[in-house]
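Below is one structure; the comments refer to it alone.
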Amino acid sequence: MPELPEVEVVRAGLEPAVTGAVVRAVTVLDERALTRHPGSGPHFEAVLTGRTLRAAARRGKFLWLPLSPGEHSLGDEALVAHLGMSGQILLRSPGAPAERHERVRLDIEHPDHGELAVVFADQRTFGSLAIAAMVATADAAPGGRGAFEPSIPSQVAHIARDPLDPAFDDRRFRETLATRRSAIKRVLLDQSVISGVGNIYADESLWAARIHPEALASDLPTRAVTRLLNEVGVVLEKALAEGGTSFDAQYVNVNGQAGYFAHSLNAYGRTGQPCPRCGRPIVRVSFMNRSSHYCPHCQRPRAR
DNA sequence: CTCATGACCTGTGCGC
DNA sequence: TGCGCACAGGTCATGA
(Lines give C-alpha, C1' and ligand atoms only; values in the text may rest on other atoms or scores of the structure.)
Protein backbone atom coordinates (compact mmCIF):
# COMPACT_ATOMS: atom_id res chain seq x y z
CA MET A 1 0.00 0.00 0.00
CA PRO A 2 2.13 2.63 -1.31
CA GLU A 3 1.48 6.30 -0.84
CA LEU A 4 1.55 8.36 2.35
CA PRO A 5 -2.03 7.75 3.58
CA GLU A 6 -1.76 4.00 3.11
CA VAL A 7 1.65 3.87 4.81
CA GLU A 8 0.39 6.03 7.68
CA VAL A 9 -2.55 3.65 8.16
CA VAL A 10 0.00 0.85 8.55
CA ARG A 11 2.21 2.88 10.91
CA ALA A 12 -0.73 3.79 13.12
CA GLY A 13 -1.86 0.17 13.20
CA LEU A 14 1.61 -1.06 14.05
CA GLU A 15 2.34 1.50 16.77
CA PRO A 16 0.33 0.08 19.69
CA ALA A 17 1.16 -3.51 18.75
CA VAL A 18 4.93 -3.23 18.42
CA THR A 19 5.97 -0.48 20.83
CA GLY A 20 7.75 -2.19 23.70
CA ALA A 21 7.62 -5.64 22.10
CA VAL A 22 10.62 -7.95 21.98
CA VAL A 23 11.57 -9.75 18.75
CA ARG A 24 11.68 -13.44 19.66
CA ALA A 25 12.33 -14.88 16.20
CA VAL A 26 12.89 -13.71 12.63
CA THR A 27 12.25 -15.82 9.53
CA VAL A 28 13.40 -14.66 6.09
CA LEU A 29 11.54 -16.66 3.45
CA ASP A 30 12.76 -14.65 0.47
CA GLU A 31 15.99 -12.67 0.49
CA ARG A 32 14.69 -10.38 -2.25
CA ALA A 33 12.83 -8.64 0.56
CA LEU A 34 16.22 -7.50 1.89
CA THR A 35 17.61 -5.68 -1.14
CA ARG A 36 18.23 -2.57 0.96
CA HIS A 37 19.76 -4.53 3.84
CA PRO A 38 23.56 -4.46 3.88
CA GLY A 39 23.92 -8.14 4.71
CA SER A 40 22.51 -11.63 4.19
CA GLY A 41 19.22 -13.13 5.35
CA PRO A 42 20.85 -14.98 8.25
CA HIS A 43 22.64 -11.75 9.22
CA PHE A 44 19.32 -9.87 9.24
CA GLU A 45 17.74 -12.57 11.41
CA ALA A 46 20.65 -12.59 13.85
CA VAL A 47 20.88 -8.82 14.20
CA LEU A 48 17.15 -8.37 14.81
CA THR A 49 16.45 -11.26 17.16
CA GLY A 50 16.28 -10.23 20.80
CA ARG A 51 15.91 -6.50 20.11
CA THR A 52 13.05 -4.43 21.52
CA LEU A 53 10.92 -2.37 19.10
CA ARG A 54 10.65 1.09 20.60
CA ALA A 55 8.18 2.93 18.33
CA ALA A 56 6.65 3.03 14.84
CA ALA A 57 7.73 6.05 12.78
CA ARG A 58 7.20 7.28 9.24
CA ARG A 59 8.43 9.91 6.81
CA GLY A 60 6.79 10.00 3.39
CA LYS A 61 6.42 6.37 2.30
CA PHE A 62 9.21 5.04 4.54
CA LEU A 63 8.46 3.34 7.85
CA TRP A 64 10.89 2.49 10.60
CA LEU A 65 10.85 0.82 13.99
CA PRO A 66 13.61 2.18 16.27
CA LEU A 67 15.46 -0.64 18.00
CA SER A 68 16.94 -1.07 21.47
CA PRO A 69 20.75 -1.36 21.38
CA GLY A 70 22.08 -4.64 20.01
CA GLU A 71 25.16 -6.58 21.04
CA HIS A 72 27.33 -5.25 18.24
CA SER A 73 25.61 -2.00 17.36
CA LEU A 74 27.71 1.13 17.67
CA GLY A 75 24.84 3.65 17.70
CA ASP A 76 21.07 3.75 17.36
CA GLU A 77 19.54 1.54 14.71
CA ALA A 78 16.10 0.93 13.24
CA LEU A 79 14.26 -1.68 11.24
CA VAL A 80 13.37 0.22 8.04
CA ALA A 81 10.48 -0.84 5.81
CA HIS A 82 9.32 0.33 2.41
CA LEU A 83 6.23 -1.23 0.88
CA GLY A 84 7.19 -0.55 -2.74
CA MET A 85 4.26 -1.12 -5.08
CA SER A 86 2.63 -4.10 -3.41
CA GLY A 87 4.01 -4.56 0.10
CA GLN A 88 1.85 -5.25 3.14
CA ILE A 89 2.62 -5.45 6.83
CA LEU A 90 0.08 -7.62 8.62
CA LEU A 91 -0.46 -8.48 12.27
CA ARG A 92 -1.35 -12.11 12.72
CA SER A 93 -1.77 -14.62 15.52
CA PRO A 94 1.28 -16.67 16.45
CA GLY A 95 1.67 -19.61 14.06
CA ALA A 96 -0.78 -18.19 11.50
CA PRO A 97 -0.43 -19.85 8.09
CA ALA A 98 1.90 -18.11 5.63
CA GLU A 99 0.42 -15.37 3.45
CA ARG A 100 0.49 -15.91 -0.31
CA HIS A 101 3.47 -13.59 -0.86
CA GLU A 102 4.98 -13.73 2.59
CA ARG A 103 8.67 -12.73 2.54
CA VAL A 104 9.63 -12.12 6.17
CA ARG A 105 8.02 -12.88 9.52
CA LEU A 106 8.85 -11.51 12.97
CA ASP A 107 7.53 -13.30 16.01
CA ILE A 108 7.21 -10.69 18.72
CA GLU A 109 6.13 -10.62 22.34
CA HIS A 110 4.48 -7.58 23.81
CA PRO A 111 4.31 -7.04 27.63
CA ASP A 112 0.57 -6.30 27.45
CA HIS A 113 -0.68 -7.97 24.29
CA GLY A 114 1.32 -11.19 24.36
CA GLU A 115 2.61 -12.94 21.26
CA LEU A 116 2.03 -11.69 17.74
CA ALA A 117 3.35 -12.32 14.24
CA VAL A 118 4.40 -9.33 12.14
CA VAL A 119 4.24 -10.45 8.51
CA PHE A 120 5.85 -8.67 5.58
CA ALA A 121 4.17 -9.82 2.35
CA ASP A 122 4.94 -8.40 -1.08
CA GLN A 123 3.79 -9.64 -4.47
CA ARG A 124 6.15 -7.67 -6.71
CA THR A 125 9.16 -7.55 -4.38
CA PHE A 126 9.82 -3.85 -4.89
CA GLY A 127 9.38 -3.37 -1.17
CA SER A 128 12.05 -4.21 1.38
CA LEU A 129 13.16 -4.43 4.99
CA ALA A 130 16.57 -3.45 6.32
CA ILE A 131 18.48 -2.64 9.48
CA ALA A 132 19.97 0.84 9.23
CA ALA A 133 21.90 3.21 11.48
CA MET A 134 20.16 6.35 12.68
CA VAL A 135 21.68 9.71 11.75
CA ALA A 136 20.82 13.20 12.98
CA THR A 137 18.14 15.19 11.14
CA ALA A 138 19.43 18.30 9.36
CA ASP A 139 16.89 20.59 11.03
CA ALA A 140 17.04 19.02 14.53
CA ALA A 141 13.27 18.32 14.42
CA PRO A 142 11.95 14.79 15.08
CA GLY A 143 12.58 12.41 12.17
CA GLY A 144 8.93 12.01 11.22
CA ARG A 145 5.44 11.04 12.40
CA GLY A 146 5.71 8.81 15.46
CA ALA A 147 9.42 9.60 15.89
CA PHE A 148 10.41 11.25 19.16
CA GLU A 149 14.07 11.83 18.46
CA PRO A 150 15.75 14.16 15.95
CA SER A 151 17.15 11.27 13.97
CA ILE A 152 16.37 9.36 10.80
CA PRO A 153 17.56 6.06 9.31
CA SER A 154 20.54 6.68 7.03
CA GLN A 155 18.60 5.22 4.08
CA VAL A 156 15.83 7.77 4.58
CA ALA A 157 18.04 10.81 5.13
CA HIS A 158 17.74 11.95 1.50
CA ILE A 159 13.92 11.91 1.65
CA ALA A 160 12.29 15.30 2.17
CA ARG A 161 9.76 15.81 4.94
CA ASP A 162 6.16 15.17 3.92
CA PRO A 163 3.38 17.78 3.90
CA LEU A 164 1.74 16.34 7.03
CA ASP A 165 4.96 16.86 9.00
CA PRO A 166 4.82 19.98 11.21
CA ALA A 167 8.48 20.60 10.31
CA PHE A 168 7.78 20.61 6.55
CA ASP A 169 9.46 23.69 5.11
CA ASP A 170 6.92 25.52 2.91
CA ARG A 171 9.33 28.24 1.91
CA ARG A 172 11.99 25.82 0.79
CA PHE A 173 9.42 23.91 -1.27
CA ARG A 174 8.41 27.13 -3.07
CA GLU A 175 12.01 28.05 -3.70
CA THR A 176 12.78 24.62 -5.11
CA LEU A 177 9.78 24.72 -7.46
CA ALA A 178 10.92 28.07 -8.79
CA THR A 179 14.22 26.55 -9.94
CA ARG A 180 12.83 23.38 -11.53
CA ARG A 181 12.37 23.51 -15.26
CA SER A 182 10.43 20.28 -15.46
CA ALA A 183 6.83 19.17 -15.29
CA ILE A 184 5.15 19.93 -11.98
CA LYS A 185 3.97 16.34 -11.65
CA ARG A 186 7.52 15.08 -11.95
CA VAL A 187 8.56 17.41 -9.13
CA LEU A 188 5.62 16.30 -6.93
CA LEU A 189 6.80 12.72 -7.37
CA ASP A 190 10.40 13.63 -6.47
CA GLN A 191 10.71 12.35 -2.90
CA SER A 192 13.73 14.55 -2.25
CA VAL A 193 11.58 17.65 -2.81
CA ILE A 194 8.32 16.61 -1.09
CA SER A 195 7.68 13.09 0.13
CA GLY A 196 4.65 10.86 0.41
CA VAL A 197 3.00 11.83 -2.87
CA GLY A 198 2.70 9.08 -5.49
CA ASN A 199 0.82 8.71 -8.74
CA ILE A 200 -2.70 8.73 -7.27
CA TYR A 201 -2.32 11.72 -4.98
CA ALA A 202 -0.25 13.69 -7.49
CA ASP A 203 -3.12 13.43 -9.99
CA GLU A 204 -5.70 14.20 -7.31
CA SER A 205 -3.83 17.23 -5.95
CA LEU A 206 -3.22 18.66 -9.43
CA TRP A 207 -6.89 18.19 -10.29
CA ALA A 208 -7.96 19.94 -7.08
CA ALA A 209 -5.54 22.83 -7.69
CA ARG A 210 -6.57 23.02 -11.38
CA ILE A 211 -2.99 22.66 -12.60
CA HIS A 212 -1.96 20.72 -15.70
CA PRO A 213 0.41 17.87 -14.76
CA GLU A 214 2.91 18.93 -17.41
CA ALA A 215 2.94 22.62 -16.58
CA LEU A 216 6.52 23.71 -15.93
CA ALA A 217 7.16 23.96 -12.18
CA SER A 218 9.22 27.13 -12.53
CA ASP A 219 6.43 28.80 -14.51
CA LEU A 220 3.77 28.37 -11.83
CA PRO A 221 2.57 31.65 -10.35
CA THR A 222 2.91 31.99 -6.59
CA ARG A 223 -0.82 31.60 -6.06
CA ALA A 224 -0.85 28.36 -8.04
CA VAL A 225 1.95 26.95 -5.87
CA THR A 226 0.08 28.02 -2.72
CA ARG A 227 -3.08 26.34 -3.99
CA LEU A 228 -1.21 23.18 -4.90
CA LEU A 229 0.58 22.80 -1.58
CA ASN A 230 -2.70 23.35 0.23
CA GLU A 231 -4.53 20.79 -1.92
CA VAL A 232 -1.78 18.19 -1.45
CA GLY A 233 -2.30 18.48 2.30
CA VAL A 234 -6.09 18.36 2.04
CA VAL A 235 -6.07 15.33 -0.27
CA LEU A 236 -3.59 13.39 1.89
CA GLU A 237 -5.51 14.16 5.10
CA LYS A 238 -8.84 13.19 3.59
CA ALA A 239 -7.44 9.95 2.16
CA LEU A 240 -5.90 9.14 5.53
CA ALA A 241 -9.20 9.78 7.28
CA GLU A 242 -10.86 7.33 4.89
CA GLY A 243 -8.25 4.63 5.47
CA GLY A 244 -6.38 5.08 2.17
CA THR A 245 -7.13 3.97 -1.38
CA SER A 246 -7.79 0.30 -2.09
CA PHE A 247 -8.61 -0.87 -5.62
CA ASP A 248 -8.22 -4.50 -4.63
CA ALA A 249 -7.17 -6.68 -1.72
CA GLN A 250 -3.56 -5.62 -2.28
CA TYR A 251 -3.82 -2.39 -0.28
CA VAL A 252 -4.91 -3.07 3.25
CA ASN A 253 -4.22 -2.08 6.83
CA VAL A 254 -2.43 -4.32 9.36
CA ASN A 255 -5.66 -6.29 9.83
CA GLY A 256 -6.13 -6.87 6.12
CA GLN A 257 -8.94 -4.33 5.69
CA ALA A 258 -9.33 -2.03 2.68
CA GLY A 259 -9.67 1.78 2.76
CA TYR A 260 -12.53 3.78 1.23
CA PHE A 261 -10.82 6.66 -0.56
CA ALA A 262 -11.21 5.04 -4.00
CA HIS A 263 -14.81 6.32 -3.87
CA SER A 264 -13.56 9.89 -3.40
CA LEU A 265 -11.21 10.01 -6.40
CA ASN A 266 -11.91 12.85 -8.82
CA ALA A 267 -9.34 12.19 -11.54
CA TYR A 268 -7.14 9.13 -10.96
CA GLY A 269 -8.41 6.06 -12.81
CA ARG A 270 -11.48 7.94 -14.09
CA THR A 271 -10.56 7.99 -17.77
CA GLY A 272 -13.59 8.94 -19.89
CA GLN A 273 -15.80 9.66 -16.88
CA PRO A 274 -17.11 13.19 -16.31
CA CYS A 275 -14.94 15.67 -14.42
CA PRO A 276 -16.81 16.26 -11.13
CA ARG A 277 -16.24 20.01 -11.59
CA CYS A 278 -17.11 20.71 -15.23
CA GLY A 279 -18.62 17.47 -16.52
CA ARG A 280 -16.21 17.02 -19.42
CA PRO A 281 -14.38 13.70 -19.71
CA ILE A 282 -11.20 13.01 -17.75
CA VAL A 283 -8.34 11.98 -20.04
CA ARG A 284 -5.45 9.63 -19.47
CA VAL A 285 -2.03 10.23 -20.97
CA SER A 286 1.25 8.37 -20.68
CA PHE A 287 3.82 10.22 -18.59
CA MET A 288 7.09 9.03 -17.05
CA ASN A 289 6.28 5.42 -17.98
CA ARG A 290 3.03 5.60 -16.04
CA SER A 291 -0.33 7.36 -16.36
CA SER A 292 -1.58 10.86 -15.71
CA HIS A 293 -5.29 11.53 -15.36
CA TYR A 294 -6.59 15.06 -15.61
CA CYS A 295 -9.36 17.30 -16.91
CA PRO A 296 -8.17 19.12 -20.04
CA HIS A 297 -10.78 21.82 -19.50
CA CYS A 298 -10.11 22.62 -15.83
CA GLN A 299 -6.37 21.97 -15.95
CA ARG A 300 -4.76 24.14 -18.63
CA PRO A 301 -1.03 23.96 -19.43
CA ARG A 302 -0.64 27.61 -18.45
CA ALA A 303 -1.79 27.72 -14.85
CA ARG A 304 -3.37 30.79 -13.37
C1' DC B 1 24.07 19.91 -10.15
C1' DT B 2 19.50 18.81 -13.10
C1' DC B 3 16.83 16.05 -15.97
C1' DA B 4 14.93 11.85 -18.34
C1' DT B 5 14.82 6.97 -19.05
C1' DG B 6 14.84 2.17 -18.14
C1' DA B 7 15.49 -1.77 -14.82
C1' DC B 8 13.80 -4.25 -11.14
C1' DC B 9 9.30 -8.07 -10.20
C1' DT B 10 4.59 -10.68 -10.20
C1' DG B 11 0.00 -10.81 -11.45
C1' DT B 12 -4.37 -9.59 -13.86
C1' DG B 13 -7.32 -8.42 -17.57
C1' DC B 14 -8.05 -7.58 -22.28
C1' DG B 15 -8.17 -8.46 -27.38
C1' DC B 16 -7.32 -11.74 -30.80
C1' DT C 1 -8.90 -22.06 -24.09
C1' DG C 2 -4.54 -19.98 -24.86
C1' DC C 3 -1.21 -16.39 -26.01
C1' DG C 4 0.83 -11.91 -26.01
C1' DC C 5 0.58 -7.42 -24.52
C1' DA C 6 -0.47 -3.43 -21.62
C1' DC C 7 -0.79 -2.05 -17.21
C1' DA C 8 -0.43 -1.64 -11.85
C1' DG C 9 0.12 2.33 -5.87
C1' DG C 10 7.81 3.07 -6.29
C1' DT C 11 12.66 3.73 -6.15
C1' DC C 12 17.14 3.67 -7.84
C1' DA C 13 21.14 3.67 -11.08
C1' DT C 14 22.86 5.51 -15.06
C1' DG C 15 23.43 8.20 -18.76
C1' DA C 16 23.34 13.00 -21.19
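Proteins come first, then strands; the chains are lettered A, B, ... in the order of their sequence lines, and each starts at number 1. Predicted, not measured: the structure shown is a model, and the values here were computed from it.
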In whole angstroms, the gap separating P of C:dG10 from CG of A:Asp162 amounts to 14 Å
Nearest-Å distance, CE (A:Met288) to P (B:dA4)?
9 Å
What contact category does A:Arg290 fall into here, base, sugar-phosphate, or nothing, at under 4.0 angstrom with non-hydrogen atoms?
base
Give the dot-bracket line for DNA chain B from 5' end to 3' end: parentheses for intra-strand Watson-Crick or G-U pairs under 3.5 Å, square brackets for crossings, | for inter-strand pairing, dots for unpaired.
.|||||||.|||||||
Less than 3.5 Å apart, any donor N or O on the side chain of A:His101 or A:Asp122 sitting next to an acceptor on the other?
no
Salt bridge flag under 4.0 Å for residues A:Glu8 and A:Arg145
yes
As a test of reading the structure: which of C:dT11, B:dG11, C:dG9 is closest to the side chain of A:Arg36, going by heavy atoms?
C:dT11
Within the structure provided, determine whether A:Leu67 and A:Thr52 are in side-chain contact (heavy-atom separation under 4.5 Å).
no
Measure the shortest side-chain to side-chain distance between A:Thr226 and A:Arg174 over non-hydrogen atoms and say whether it is less than 4.5 angstrom.
yes
Within the structure shown, what part of the strands sits under 4.0 Å from A:Asn289 by heavy-atom distance: base, sugar-phosphate, or nothing?
base
A:Gln88 CD to B:dG11 P: how many Å, rounded?
13 Å
Counterpart residues, side-chain contact (heavy atoms from CB on, under 4.5 Å), relative to A:His43 (two or more places apart):
A:His37, A:Ser40, A:Val47
Would you check if A:Pro142 and A:Pro150 make a side-chain contact, meaning some heavy-atom pair closer than 4.5 Å?
no
Give a yes/no on whether any side-chain N or O of A:Tyr268 is located under 4.0 angstrom from OP1 or OP2 of C:dG9.
yes
Determine the minimum heavy-atom distance between A:Pro276 and A:Arg270, stating which atoms define it.
CD-NH1, 3.6 Å
So does A:Arg284 get a side-chain nitrogen or oxygen closer than 4.0 Å to the phosphate oxygens (OP1/OP2) of C:dC7?
yes
Tell me if the CD atom of A:Glu175 is crowded by more than 12 foreign heavy atoms within 6.0 Å.
yes
Among C:dG10, B:dC3, B:dG11, which is the nearest nucleotide to the side chain of A:Asn199?
C:dG10
Over how many whole Å does the gap from A:Asp203 atom CG to C:dG9 atom C1' extend?
11 Å
Min side-chain heavy-atom separation A:Arg227-A:Arg210 under 4.5 Å:
yes
Between C:dG9 and B:dC3, how many Å separate the two P atoms, rounded to a whole number?
23 Å
Which listed nucleotide (C:dG9, C:dC7, C:dC12) is nearest to the side chain of A:Phe62?
C:dC12
Output the rounded distance in Å from CG (A:Asp122) to C1' (B:dT10).
9 Å
Every protein N/O within reach of nucleotides 13-15 of chain C N/O, cut-off under 3.5 Å:
none

Whole angstroms only, please: what is the CG-P distance between A:Asp190 and B:dT5?
15 Å
A:Arg181 has its side chain closest, among B:dC3, C:dG9, C:dG10, to B:dC3
Provide, to the nearest angstrom, the distance between the CD atom belonging to A:Glu99 and the C1' atom belonging to B:dT10.
17 Å
How is A:Ser291 classified with respect to the nucleic acid when contacts are heavy atoms under 4.0 Å: base, sugar-phosphate, or nothing?
sugar-phosphate
Taking atom C1' in both B:dG11 and C:dC12, what distance in whole Å separates the two?
23 Å
Does A:Arg180 reach a base, just sugar-phosphate, or nothing at all? Heavy atoms under 4.0 Å.
sugar-phosphate
Kindly point out which of C:dG9, C:dT11, B:dT12 is positioned nearest to the side chain of A:Lys61?
C:dT11
How long is the line joining CE of A:Met85 and P of B:dA7, in whole Å?
16 Å
Within the pair A:His101 and B:dG11, is there a side-chain N or O less than 4.0 Å away from OP1 or OP2?
yes
At under 4.0 Å between heavy atoms, what does A:Phe247 touch on the DNA or RNA strands: base, sugar-phosphate, or nothing?
base
A:Arg54/A:Glu149 salt bridge by N-O under 4.0 Å criterion:
yes
In terms of side-chain heavy atoms of A:His82, which of B:dT5, C:dG9, C:dG10 is nearest?
C:dG10
With P as the reference atom in both, quote the distance from C:dC5 to B:dA7 in angstrom, rounded to an integer.
16 Å
Can you check whether A:Leu206 reaches A:Ile184 side chain to side chain, under 4.5 Å on heavy atoms?
yes
A:Phe126 stacking on B:dC8: centroids under 5.5 Å, ring planes under 30°?
yes
More 5' along DNA chain C: A:Gln191 or A:Arg124, using each one's nearest nucleotide?
A:Arg124
